[in-house]
Protein chains: 2
Amino acid sequence: MNNKNYFTIRYKGRVNKYATMKEVDKNLNLSVIKAFKLLDVYMNNKQEWGVRELAKKTGYNKTTTYRLLSTLESLDIVQKNDDDKYILGLKLFELGNLVSVHKSLRNYSRAPLETIAKDIKETVHFGVLSNHRVLYLNKAESELGLKVSTQIGSYQQAYCTALGKVLLAFSPTDQILDYLKNVKLDAHTTNTIIDSKALLGHLEHIRKEGYALDMEELEIGLICIAIPVFNKNKEVVAGISVSGPSSRFKPENVQSYLSIIKKGALEIENHIRDYN
Amino acid sequence: MNNKNYFTIRYKGRVNKYATMKEVDKNLNLSVIKAFKLLDVYMNNKQEWGVRELAKKTGYNKTTTYRLLSTLESLDIVQKNDDDKYILGLKLFELGNLVSVHKSLRNYSRAPLETIAKDIKETVHFGVLSNHRVLYLNKAESELGLKVSTQIGSYQQAYCTALGKVLLAFSPTDQILDYLKNVKLDAHTTNTIIDSKALLGHLEHIRKEGYALDMEELEIGLICIAIPVFNKNKEVVAGISVSGPSSRFKPENVQSYLSIIKKGALEIENHIRDYN
DNA sequence: AAAAAACGTTTCACTATATGAAACACTGTT
DNA sequence: AACAGTGTTTCATATAGTGAAACGTTTTTT
C-alpha cells in the first residue's frame, strides 16, 4: 500500500507514469505488461537470471516475479538451465521467427551477405531505419578472430553509424529534418558528428558519393562503410554495411569493398523489386 | 458464469484441463497465459488477424481479446498494419533473437549452409532434436523457383524426415527406444515408415551408411538427404539436410551431394568442438 | 441512396484473480 | 552448528480482469 510500483508506459502516442493500472487505461492488462518487462531484462547482455535477481532488477515483488516466471516457464517462453537459472526459451525463438515485418528483406539478404563476408573477410550487416534508429535485420560475420559482432534484432543510433547515415542520406528530405528534430546527437567519440548542420552537409556528401563511411564515430577503432538498397521506385528500403577494426580497414580498400558490396545490393534489389 | 473457458495447460509434467485458474495452480498468471495463447494463433500460417477473428479462434471474449491486443500493441509485441489488422511486432523479433539456447549452433551454421545451397542449388536445413521433434535452427534456400521452404524455429516429426532420422540414428540407443515409446508413427504418405521394428532397422542402416534419405516419406514429390554433425565427443548435436523435388533429386546425385554437405558439416564441427 | 452487416471500441456492475509480507524448506558456505 | 543464500508456499486483502450490451464507424449489400 505504501510501496507503490510506478509504470512508465507509452500508449496512444503519449508516454506517462502511473501508480495504478486503472490510471493508465483500463484496457491495458497489467500482468501481461509485467511479463514482457521481465523478458526485457534479458536485453542487458546477461542470459541467465535467478528469481530474486530478476525481482531486484524489475522492482517487482519476489513472489510476483516467481509466479510470472512459473507461468512463462509453463509456456516455454523461459526455461531453466542446468544451474536452475531462468533463460529465454525456445518458444520465444519460434515466435520471433514468425514476425512478418521485413521478413522478405531478412530472407533475401541472407545469401548475398554471406558472399560479401567471404569476399571481404569483414563482418557485414543489413538493416533498416525503424523509429529513428537502425534495426539490424541480418548479419554475416567475419571469419577472422578480431571482428565486429552485433545482435540481430537490436538497434543502434543512426547518426553515428555508416548504415544509419546512408539510410538517412537517401531518405526524403522531410524525413531527414524530422529525424534531426527528434534525435539528440550525443558524442560517442571525438569523431561523432554532433552538429545538426554538419550532419546535414555530411548526408548531402554521402548522397553524392553513393556511400557512407563511419570513421570511428561510434567507437574508437571501428570503421564502417555502407551503401543503400533501393526498391523499384528508387526508394531506399535498407542498407548494407561492412565493419572492421581500423588496423585492417584502410582507405585504399574502399573502392574494392564498394564494388563487392554493390554486387550484393544488386542481388537483393533484384529480389525485392516489389517491396516498399 | 455459464460460459466457462477451459484451459489446457502443461505444468509440472502433467497436462490437464481446468475451468478456473485457481484450479490449475495459483502460481500461474492467467492473463499472461492468455496473451501467449493469442500469439500462438499466429502459427497458423496467417500473418494478420482482426480482433473478432482472434477472439473466435482463441475462444476468448471479444473485449478480452481487444484488451490483450491493446496491451501487446503498447509493448510492440504486436502492431497494426495498413489494413488495421494485427500482426506480430518487431519487439517479438528482438526477443526471439536474444534466445541463447542453440545460439552458437545457429551462428556457426549460417555460412556453411549458404555455401552448400549455392553448390547444390537445393534448399539446405540445419536442425536439432528437441522434445522428440526436429527443430529447424537455420536454413539456406535454393535459388531456384521450385524449392522447399521451411520456417526457422518451427518443428517437424523426426521419423519421416531425413534430418530427424539421422539425428535419431546417431542418438544413444536408450533415447531411440524412448522416442519409439513416446511417438506415434502416422503415415503421411505410402512411403512413411510406420512400423517401429522397421524404423529401428532403418535407423541401424542409416548409422552404417552415415546418412539418411527421405524418399517421399513426409510428402509426395519431396526427397531429402541428411548427415549428422558431431561435437568433439562424437555425440550428435545437429544435422544438415538437403531437400528438393523428386524431379531434380536423382539417386546418381547422392554421392556428390554427400561430399558437399560433409564439407559444411566439418566446418561447423570445427567451430563447435566444445558444444555438448 | 438507404439499409444492413461487420468492424473495433467503450461502458459498467461483478467477482475472480493478482498481490506481498511472512513463513518455509532446502542448499551450500562460514 | 550457525548462517546466509536460494526458490517456494501461505493467506488475508484489495486490485484488476471480465463479458454482455451499447456505441460509433466503416464497408458491404440491397
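Below, chain A is the first sequence line, B the second, and so on; all start at residue 1.
- Remark: A/Glu53 pairs with A/Lys46 by the salt bridge (charged side-chain N to carboxylate O under 4.0 Å, His left out) rule, at least two apart or across chains.
- Residues forming a ring pair (Phe, Tyr, Trp, His ring centres under 6.0 Å) with B/Phe36 (at least two apart in sequence, or on another chain): A/Phe36.
- Separating the CD atom of A/Glu53 from the C1' atom of D/dT6 is a distance of 11 Å, rounded to the nearest angstrom.
- Rounded to a whole Å, the CG atom of B/Leu30 is 6 Å from the P atom of D/dT18.
- Nearest nucleotide to the B/Arg67 side chain, out of D/dG17, C/dT11, D/dA21: C/dT11.
- Annotation: ring pair (Phe, Tyr, Trp, His ring centres under 6.0 Å) contacts of A/Tyr155 (sequence neighbours excluded): none.
- With hydrogens and angles left out, the side chain of B/Thr63 and the base of D/dA20 share a donor-acceptor pair within 3.5 Å.
- Of the residues in residues 77-87 of chain B, those with a non-hydrogen atom less than 4.0 angstrom from any atom of DNA chain C are B/Lys80, B/Tyr86.
- The cationic atom of B/Lys34 (NZ for Lys, CZ for Arg) lies less than 6.0 Å from the six-membered ring centre of B/Tyr60 and within 45° of the ring axis.
- In this structure, of C/dA18, C/dT10, C/dA23, it is C/dA23 that holds the atom nearest to the side chain of A/Lys62.
- Evaluation of atom-type donor-acceptor distances gives no pair under 3.5 Å for the side chain of A/Arg52 against the base of D/dG5.
- Following rounding to the nearest Å, A/Tyr66 (OH) and C/dA22 (C1') show an atom-to-atom distance of 16 Å.
- In terms of phosphate contacts, A/Asn27 brings no side-chain nitrogen or oxygen within less than 4.0 Å of OP1 or OP2 of C/dT9.
- Scanning for side-chain contact (heavy atoms from CB on, under 4.5 Å) contacts around B/Asn182 gives B/His132, B/Asp178, with sequence neighbours left out.
- Summarising the geometry, the separation between CG on A/Leu38 and P on C/dA18 is reported as 15 Å, rounded to the nearest angstrom.
- Applying the side-chain hydrogen bond (donor to acceptor under 3.5 Å, both in side chains) definition to pairs two or more places apart or across chains, those involving residues 84-98 of chain B are A/Asp40-B/Lys91.
- Residue A/Arg133 holds its CZ atom at 7.5 Å from CD of A/Gln157, rounded to the nearest 0.5 Å.
- Rounded to a whole Å, the CG atom of B/Leu68 is 15 Å from the P atom of C/dG8.
- To the nearest angstrom, P of D/dT13 lies 18 Å from CG of A/Asn61.
- What separates CD1 of B/Ile33 from P of C/dA16 is a distance of 18 Å, to the nearest Å.
- Rounded to whole Å, the distance from CG on A/Leu69 to C1' on D/dG7 is 11 Å.
- Not one side-chain nitrogen or oxygen of A/Asn29 sits closer than 4.0 Å to the OP1 or OP2 atom of D/dA16.
- Contact annotation for B/Thr64: backbone-only contact, meaning every heavy-atom pair under 4.0 Å involves sugar-phosphate atoms and none involves a base.
- With distances taken from any side-chain atom of B/Lys34 to the nucleotides C/dA18, D/dT18, D/dG17, the minimum falls on D/dT18.
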